[in-house]
Amino acid sequence: MPETIEELVRQAIAAAQQAGDLAEFEVEDCGVERPADTDHGEWTSTVALRSARLARTAPAKIAQAIIAHMPASPAIAKVEVAGPGFINFYLNAAANNEIIRTVREQGMDFARVDEGHGLKVNYEFISANPTGPLHVGHGRWAALGDSMCNVLEHAGYHVDREYYINDHGSQMDVFGGSVVTRYLQLIQIMREDGCDVATAYDKLLADREAYVEDENDEHPENHPFMDAFNEALGGNSYGGDYIVEIAREFVESDGDKWVDADADERANEFRERAYQAMLGRIRATCDASRCPFDLWFSERSLYVKDESGTSQVDRAFKRLDDMGHLYSTDDGALWFRSTTFGDDKDRVLVKSNGEYTYFASDVAYHWNKFQRDDYSIDLWGADHHGYIARVTNVCDAMGYEGKFEVDLGQFVNLLRNGEPVRMSKRRGTMVSYQELLDEVGVDAARYTLISKSANQTIDFDIEAVKKQSSSNPVFYVQYAHARVCSILRRAAGVTEEQAAEMGMDAVAKQAIGEDYDLSLLTDPTELQLGRKISSLPDLIASAARDRAPFRLTHYVEELASDFHGFYNACQVLPSEGRPVAEDLSRARLAACDAVRITLALCLKLIGVSAPEVMRREEQVEE
RNA sequence: GCGCUCGUAACUCAAUUGGAUAGAGUAUCGGACUUCUAAUCCGCCGGUUGAGGGUUCGAAUCCCUCCGAGCGCACCA
């Protein structure tokens, strides 16, 4: 439709200029947009405003000249000039509602746009260290990243979803060492108390809890194990409950066989098995939040030598060196000349002690990405923003200028009933994402985490999100979907079970039939449905372009609101005292069905389920 | 000190990137159910877009200066 309008406007301008009613000027873009306010028609052209200077004429006057020469079009009911010079187009009902048929034909392929032109994008997100569970902040990247990928794919990009596992650095040894220490403590308690592992486990957790509470160390007698743990590891440790949990798994599967084992062998075994256990938990949490990855990329793999005797790190370094971007200092450190690209200082790749920095891995990793994809996007927490410059610079240096992008996500503040969830220094990081998912459910968690612009911090109130009430937009939207399904089921004369069996598309087909006349839908609330649904392709394109999947949550709330308004104003099925003509009823059913499909599609893109049935009994009593 | 992200209704946020009278939800208040599921709808109230300048037909949006909040400025990962 915008193409049609654009063409009409161009013809009108040419005709007006030919007739001498309008000064000659070149038109680049007619600025066909959707008016913010639906009172202003379905489409508007800002060409008169844009051309005011070129034409040396007041915008309103230009607009008048243009509409005087506007060719007639079957789809357009009315064209008028409004405000400072907007040219507003009002579609007739049939043209406006045609989108309903389109949606029903295209289903989940509706609103596919070609914003990306098939560009191969590597989208890396979460990438939390495998030394602890995902926390709520990671949950935001999960929701955001996954939704972003869905939107990009719908907008014509080819997306590879990637999780980068930081399994290389010394923190892995610290992690393994922490589990060993906890393991030894469990065995010690079992031997001294003659108890089973469950009892020993509880004792260690209670000990840790006492330690967390005792911030000023006034009662060291209440947490001897935590103190011993810290002493054994010199404070360089992971103290969380999950470490004790993993240690317990070692006791359960291996008994006490590692107590007197060779320390190095034990350290290796524990590090590797604990790593896999932790990674398993992380994957499970990603699965639970409907966040799949195409590739789990191991940092270690960057250091593995191939047949040529070189690793990916070596090859990436060689590339940089060949291009003259590396240098060594007398102490043996290797540097990347980041200042060439405007950084504050050069950055170390290899430390003077011979160890590789985290940055070295990132250089090789991004080089690797560009061997596989055309464009690379990293989703990072806002606290890493200081790191953007050096990675961008190194991508530029390797010859991939303009092909690397970082999307930042601000933090999540966790609240409960308006009060910040207390996070003491000793408790370390916060509530795990898995716990949050378990408490509020995936739908509410994802919806809430995605519903705000990524560069806004989120106040996530657990109680408010959990509350299944009208104040919670996710239920409002899901209810609209369930309500449509209910109507369609009733129209088709099928039970919930039968509908679940045959699928809603088949139910809708049975209810509506093949032919229906969309020109019958002329009520303002009916026209609004077509208008709103028609705007989705543009919205998807903009959400992809601006990396703003949260716009879908706003859209879906608006569409649900439009539907509820329609539902209250227009009877779909005839009932006692409210007759509806058969052909009008079927046209309204088709509109309902288009709403259902559009809602389901949008919810799918943001990873939220679209329930076909919702019952009030499920509501939580206050 | 430098950098990044912000500051919009009482609260939580929008405003498709420079467009029309800055919009939604929540909360408060007032209406609509023996219903095609009221987890709904309709209405009222609510604004100097942190402050001050500038750019132009037009600014919440772009530029400058302040004020305030959060987060960064490692041979840590």
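Here is how names work: the chains are called A, B, and so on, in the same order as the sequence lines, proteins then strands, and each is numbered from 1.
Atom CG in A:Asp461 sits roughly 21 Å away from atom P in B:rG25 (whole-Å rounding). Computed from coordinates, the A:Arg390 CZ to B:rG3 C1' distance equals 13 Å when rounded to whole Å. Computed from coordinates, the A:Leu349 CG to B:rA77 P distance equals 12 Å when rounded to whole Å. Distance OH (A:Tyr567) to P (B:rU37): 5 Å, rounded to an integer number of Å. The nearest whole Å value for the distance from the CG atom in A:Leu552 to the P atom in B:rA14 is 14 Å. Atom CD1 of A:Ile458 and atom C1' of B:rC71 are 16 Å apart (whole Å). Going from atom CZ of A:Phe563 over to atom P of B:rC36 covers 14 Å, rounded to whole Å.
A 3.5 Å limit on both hydrogen-bonding distances identifies B:rC67 as the Watson-Crick or G-U partner of B:rG7. Base pairing of B:rC13: its partner is B:rG23, meeting the Watson-Crick or G-U wobble criterion (both donor-acceptor distances under 3.5 Å). Pairing for B:rU56 is absent, judged as Watson-Crick or G-U wobble with the two contacts each under 3.5 Å. Pair check for B:rC41 finds B:rG31; Watson-Crick or G-U wobble, both atom distances under 3.5 Å. For B:rC73, the paired base is B:rG1 (Watson-Crick or G-U wobble, both distances below 3.5 Å). Nucleotide B:rC36 forms a pair with no other nucleotide shown, judged by Watson-Crick or G-U wobble geometry with both contacts under 3.5 Å. Pairing for B:rG47 is absent, with no Watson-Crick or G-U wobble pair whose two atom distances lie under 3.5 Å.
Comparing B:rU40, B:rU37, B:rA14 against the side chain of A:Lys452 picks out B:rA14 as the nearest. The side chain of A:Ser575 has B:rC36 as its nearest neighbour among B:rC75, B:rC36, B:rA15. Of the candidate nucleotides B:rC6, B:rA77, B:rC75, B:rA77 has the atom lying nearest to any side-chain atom of A:Asn129. For A:Phe86, the listed nucleotide lying nearest its side chain is B:rG19; candidates were B:rC71, B:rC13, B:rG19. Of the candidates B:rA14, B:rA20, B:rC75, the closest approach to any side-chain atom of A:Lys345 belongs to B:rC75. Of all nucleotides listed (B:rC76, B:rA14, B:rU37), B:rU37 comes nearest to the side chain of A:Ala482. Of the candidate nucleotides B:rC41, B:rA77, B:rU37, B:rU37 has the atom lying nearest to any side-chain atom of A:Ser486. Closest approach to the A:Asp331 side chain among B:rC13, B:rA15, B:rC75 is made by B:rC75 (side chain taken as heavy atoms from C-beta onward). Nearest nucleotide to the side chain of A:His564, out of B:rC71, B:rU40, B:rC13: B:rU40. Comparing B:rC57, B:rC13, B:rU40 by their closest approach to the side chain of A:Leu49 singles out B:rC57.
Of the C1' atoms belonging to B:rC63 and B:rU40, the separation is 48 Å, rounded to the nearest Å. Rounded to the nearest Å, the gap between the P atom of B:rU16 and that of B:rC62 is 11 Å. For B:rA14 and B:rG7, the P atoms lie 8 Å apart once the distance is rounded to whole Å. Rounded to the nearest Å, the gap between the C1' atom of B:rA9 and that of B:rA15 is 14 Å. Taking the C1' atoms as reference points, B:rG68 lies 7 Å from B:rG50, given to the whole Å. Across B:rU28 and B:rC45, the matching C1' atoms stand 8 Å from one another, rounded to whole Å. Rounded to the nearest Å, the gap between the C1' atom of B:rC67 and that of B:rG53 is 15 Å. B:rU12 sits 33 Å from B:rA32 when the P atoms are compared, rounded to a whole Å.
Distances shorter than 4.0 Å separate some side-chain N or O of A:Tyr476 from OP1 or OP2 on B:rC41. Using a 4.0 Å cut-off, no side-chain N or O of A:Gln456 falls inside it from OP1 or OP2 of B:rG70. Remark: A:Thr46 is not in phosphate contact with B:rG19, judged by side-chain N or O atoms under 4.0 Å from OP1 or OP2. Applying the 4.0 Å criterion to OP1 and OP2 of B:rU40, one finds that A:Asn568 has every side-chain N and O outside that range.
Contacts of A:His384 with the nucleic acid, taken as non-hydrogen atoms under 4.0 Å apart, include base atoms. Backbone-only contact: A:Arg490 has heavy atoms under 4.0 Å from sugar-phosphate atoms and none from a base. Residue-level contact check: A:Pro574 touches neither bases nor backbone, having no heavy atom under 4.0 Å from any strand. Within the 4.0 angstrom heavy-atom criterion, no nucleotide atom of any strand lies near A:Asp538. Among the protein residues, A:Gln571 comes within range of the nucleic acid bases, having at least one heavy atom under 4.0 Å from a base atom. Contact annotation for A:Cys570: base contact, defined as any heavy-atom pair under 4.0 Å involving a base atom. Among the heavy atoms of the strands, none lies under 4.0 Å from A:Asn166. No contact: A:Leu539 has no heavy atom under 4.0 Å from any strand. Note on A:Ser535: nothing from the nucleic acid sits closer than 4.0 angstrom, heavy atoms only. Across all strands shown, A:Phe550 has heavy atoms under 4.0 Å from sugar-phosphate atoms exclusively, and none from any base.
Base orientation for B:rU17: syn, the chi torsion being within 90° of 0.
RNA chain B is contacted by both A:Ser561 and A:Glu612; A:Glu612 maps to the nucleotide lying nearer its 5′ end (nearest heavy atom per residue). Residues A:Arg50 and A:Gly169 each lie close to RNA chain B; by heavy-atom proximity, the contact nearer the 5' end of the strand is made by A:Arg50.
Aromatic rings of A:His168 and A:Tyr303 (six-membered ring for Trp) have centroids within the 6.0 Å cut-off, being under it.
Judged by the 6.0 Å distance and 45° axis criteria, A:Arg483 is positioned over the aromatic ring of A:Tyr567.
The side-chain heavy atoms of A:Lys452 and A:Gln410, taken from C-beta on, include no pair separated by under 4.5 Å. Annotation: side chain of A:Phe563 is in contact with side chain of A:Cys592 (closest heavy-atom distance under 4.5 Å). Counting heavy atoms from C-beta on, the side chains of A:Phe550 and A:Ile606 never come closer than 4.5 Å.
The two residues A:Tyr447 and A:Thr553 make their nearest non-hydrogen contact at OH-O, 3.2 Å.
Salt bridge status for A:Glu612 with A:Arg489: absent, with no side-chain N to carboxylate O gap under 4.0 Å. A salt bridge is defined here as a Lys NZ or Arg NE, NH1 or NH2 lying under 4.0 Å from an Asp or Glu carboxylate O, and A:Asp583 with A:Arg586 fails to meet this definition.
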- Message: Between A:Leu144 and A:Leu449, is the side chain to side chain contact (heavy atoms under 4.5 Å, CB included) condition met? List the steps.
- Response: CA-CA 7 Å; A:Leu144 214 49; A:Leu449 289 171; over 6 Å; no
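No hydrogens or angles were tested; on distance alone, a donor-acceptor pair under 3.5 Å links the side chain of A:Asp546 to the base of B:rU17. Counting distance only, with no hydrogens placed and no angle test, the side-chain atoms of A:His385 and the base atoms of B:rG3 include a donor-acceptor pair under 3.5 Å. Side-chain N/O atoms of A:Asn88 and base N/O atoms of B:rA20 include a donor-acceptor pair closer than 3.5 Å.
For the residue pair A:Gln478/A:Asp443, the side-chain donor-acceptor check at 3.5 Å is satisfied.
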